[in-house]
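Everything quoted here is computed from the prediction, not taken from an experiment. Chain letters run A, B, ... following the sequence lines, proteins first, then strands; residues in each count from 1.
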Number of protein chains: 2
Amino acid sequence: MGVCRIPKPKDPIAAARAEVVELLFSYVERLRAHFESVAAAHDLTAMQAKVLMFLGDAEPMRCVAENLGCDPSNITGVVDRLQDRGFLTRSEDPNDRRVKLLHATAAGKRLRETIGLNLFREMPGMGELSRAQVADLRNLLSMLCAHSVEKQLASG
Amino acid sequence: MGVCRIPKPKDPIAAARAEVVELLFSYVERLRAHFESVAAAHDLTAMQAKVLMFLGDAEPMRCVAENLGCDPSNITGVVDRLQDRGFLTRSEDPNDRRVKLLHATAAGKRLRETIGLNLFREMPGMGELSRAQVADLRNLLSMLCAHSVEKQLASG
DNA sequence: TATTGTTATACTCTATAACTATA
DNA sequence: TATAGTTATAGAGTATAACAATA
């Protein structure tokens with residue numbers, strides 16, 4: 001999300017946290033650009049790539065919308081475009097005929113695999129971390145994510 | 001950027017990196033939602049908030065576009081809307097009259113301060129890290145960001 | 001000639017509200 | 001009544017191309 005000029009607190013602990021927040025936003029901006037560039041290399045928008053990467057074997061559209069944090073009405077158009085290009089199909093859920101399930105086609109699965117590999121292999125800065133540093137980062141991110149989910153569930 | 005299903009390599013080092021990439025994308029999605037929610041609380045889109053947070057004392061529009069990784073033609077509209085609401089003004093650069101400089105107004109500076117504080121104080125999961133963990137995270141992120149910038153400069 | 005910012009255009013994402021079909 | 005998905009609509013972000021003013 002680019003450079004943010006967050007006011008620095010005087011308390012050293014809070015100041016360190018503020019610095020982490022700023023670094024995170026800077027790195028997030030790079031990740032966003034990286035993701036968009038990988039998607040664009042396959043003529044997909046970031047949104048279309050997100051939907052494709054989230055697809056399981058039989059994903060209800062509502063779950064896609066919830067995971068992506070947007071209104072379900074948006075998903076219709078995104079899925080339309082992916083379907084027109086042959087990357088997924090819709091089917092009715094036999095258990096609840098209101099629900100439509102999304103399935104990646106063979107071409108969709110191949111594309112997903114390719115995008116996944118590109119996302120991983122060209123991850124900015126990742127190759128410079130040692131094995132131990134990668135493990136440290138994994139643990140710290142786990143804590144951040146776990147707590148975020150907890151808060152999300154509590155407030156929802 | 002939501003849940004990404006990145007194929008897991010068999011090599012344990014590569015697998016650990018892939019896990020970090022997946023965690024990063026998950027946390028990034030939470031940060032994006034956090035940023036949007038803070039911006040929306042002040043009737044700003046994420047893009048408008050990014051521009052406002054990036055504004056220095058006299059920022060050329062071209063620099064804003066470069067920092068945000070988008071075409072300069074987009075900035076015109078975003079800046080128009082922020083200007084209409086009294087958060088910034090344009091002025092001609094006396095040294096190069098093609099350039100227009102952006103200045104946050106008093107209201108813009110107040111809003112920037114408030115958004116910065118909200119971004120920092122409600123940062124998902126950040127409050128759960130110990131002082132030492134915050135320091136570790138800062139160092140790891142510094143490495144990731146430093147290398148990203150280096151690559152960016154090398155390729156540009 | 002090259003660059004800065006603007007405008008026009010077309011496409012996509014976005015939320016809201018109204019609608020159909022189903023539960 | 002409530003829910004899943006669609007459609008219509010309006011507003012915003014996005015890149016491309018053409019343009020005026022300036023360098």
Side-chain angles (χ1 to χ4, degrees), chain A residues 1-2 29 32-33 35-37 39-55 58-85 87-103, chain B residues 1-2 29 32-33 35-37 39-55 58-85 87-103:
Chain A
M1 316 206 173
E29 181 58 31
R32 188 199 56 73
F35 190 84
E36 260 188 10
S37 135
H42 300 280
D43 276 312
L44 295 175
T45 65
M47 187 59 182
Q48 290 163 2
K50 284 184 195 177
V51 169
L52 189 66
M53 295 311 287
F54 179 65
L55 276 194
E59 213 64 54
M61 294 184 68
R62 184 134 306 241
C63 293
V64 178
E66 273 166 19
N67 177 262
L68 269 54
C70 70
D71 194 89
S73 63
N74 298 329
I75 302 300
T76 299
V78 177
V79 165
D80 283 348
R81 289 181 270 276
L82 287 170
Q83 191 172 25
D84 288 347
R85 292 177 57 189
F87 295 134
L88 58 77
T89 57
R90 287 166 161 103
S91 79
E92 257 188 7
D93 184 343
N95 299 327
D96 183 343
R97 285 161 53 208
R98 292 173 303 180
V99 175
K100 287 190 183 152
L101 302 174
L102 301 180
H103 318 270
Chain B
M1 315 205 172
E29 181 58 32
R32 188 199 55 74
F35 190 85
E36 260 188 9
S37 136
H42 299 280
D43 276 312
L44 294 175
T45 65
M47 186 59 182
Q48 289 163 4
K50 283 184 196 177
V51 169
L52 190 65
M53 294 312 286
F54 179 65
L55 275 195
E59 213 64 53
M61 295 184 69
R62 184 136 305 241
C63 293
V64 178
E66 273 166 18
N67 177 260
L68 269 55
C70 70
D71 194 89
S73 63
N74 298 329
I75 301 301
T76 299
V78 176
V79 165
D80 283 348
R81 290 181 269 277
L82 287 170
Q83 190 172 26
D84 287 347
R85 291 178 57 189
F87 295 134
L88 59 77
T89 57
R90 286 166 161 103
S91 81
E92 255 186 9
D93 184 342
N95 298 326
D96 182 342
R97 284 161 55 209
R98 291 174 303 181
V99 175
K100 286 190 184 154
L101 302 173
L102 301 180
H103 318 270

**Q** Rounding to a whole Å, what distance do you find between A/Leu82:CG and C/dC13:C1'?
**A**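 Atom-to-atom, A/Leu82 to C/dC13, this comes out as 13 Å.
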**Q** Does A/Lys50 have a side-chain nitrogen or oxygen under 4.0 Å from the phosphate oxygens OP1 or OP2 of C/dC13?
**A**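 Checking A/Lys50 against C/dC13: no side-chain N or O falls below 4.0 Å of OP1 or OP2.
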**Q** Take the protein atom CG of A/Leu44 and the nucleotide atom C1' of C/dC11, then report the distance between them rounded to whole Å.
**A**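 Rounded to whole Å, this separation is 15 Å.
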**Q** Taking B/Met61 as the fixed residue, which of B/Ile75, B/Val78, B/Leu101, B/Val99 is the one that meets the side chain to side chain contact (heavy atoms under 4.5 Å, CB included) rule?
**A**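 With B/Met61 as partner, side chain to side chain contact (heavy atoms under 4.5 Å, CB included) holds for just one option, B/Ile75.
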**Q** Could you check how far CG of A/Leu102 sits from P of D/dA4, rounded to whole Å?
**A**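 In whole Å, D/dA4 P lies 14 Å from A/Leu102 CG.
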**Q** State, to 0.1 Å, how close B/Phe35 and B/Ala46 come at their nearest heavy-atom pair, and which atoms those are.
**A**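 Nearest heavy atoms, B/Phe35 then B/Ala46: CE2-O, 3.4 Å.
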**Q** Tell me the closest heavy-atom pair linking B/Leu44 and B/Gln48, and the distance in Å.
**A**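 Smallest heavy-atom distance, with atoms named: CA-OE1, 3.5 Å.
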**Q** To the nearest Å, how far apart are B/Leu52 CG and D/dG13 P?
**A**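 It works out to 13 Å between those atoms.
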**Q** Would you say B/Asp80 and B/Arg90 make side-chain contact, with heavy atoms under 4.5 Å?
**A**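 A side-chain contact exists here, since the closest heavy-atom pair is under 4.5 Å.
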**Q** D/dG13, C/dT14, C/dG5: which one has an atom nearest the side-chain heavy atoms of A/Cys70?
**A**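 For the A/Cys70 side chain, the nearest candidate turns out to be C/dT14.
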**Q** From CZ of A/Arg62 over to C1' of D/dT6, roughly how many Å is that when rounded to an integer?
**A**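 Atom CZ in A/Arg62 sits about 11 Å away from atom C1' in D/dT6.
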**Q** Ignoring backbone atoms, test whether B/Thr76 places a side-chain nitrogen or oxygen under 4.0 Å from the OP1 or OP2 oxygen of C/dG5.
**A**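 Looking at the OP1 and OP2 atoms of C/dG5, neither is under 4.0 Å from any side-chain N or O of B/Thr76.
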**Q** Which whole-number value in Å describes the distance from B/Ile75 CD1 to C/dT6 C1'?
**A**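 Going from CD1 in B/Ile75 over to C1' in C/dT6 covers 13 Å.
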**Q** Under 4.0 Å between a side-chain N/O of A/Arg32 and OP1 or OP2 of D/dT14, yes or no?
**A**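 Answer is no, no contact under 4.0 Å.
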**Q** Under 4.0 Å from OP1 or OP2 of D/dG13: is there any side-chain N or O of B/Arg81 that close?
**A**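 Yes.
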**Q** From CE of A/Met47 over to P of D/dT14, roughly how many Å is that when rounded to an integer?
**A**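 My rounded result for the distance is 15 Å.
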**Q** Does a side-chain heavy-atom distance below 4.5 Å link B/Asn67 with B/Lys50?
**A**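 No, too far: nothing below the 4.5 Å cut-off.
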**Q** One character per nucleotide, please: for nucleotides 16-23 of chain D, 5' to 3', B when the base has a protein heavy atom closer than 4.0 Å, S when only the sugar-phosphate does, - otherwise.
**A** B----BBS
**Q** Output every pair passing salt bridge (charged side-chain N to carboxylate O under 4.0 Å, His left out) with a member in residues 62-75 of chain B, not counting sequence neighbours, ordered by first then second residue.
**A**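 Qualifying pairs, neighbours excluded: none.
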**Q** Atom CD in B/Glu59, atom NE2 in B/His103: separation rounded to 0.5 Å?
**A**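 Answer for the CD-NE2 pair, B/Glu59 versus B/His103, is 10.0 Å.
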**Q** Rounding to a whole Å, what distance do you find between A/Met61:CE and D/dT7:P?
**A**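 It works out to 10 Å between those atoms.
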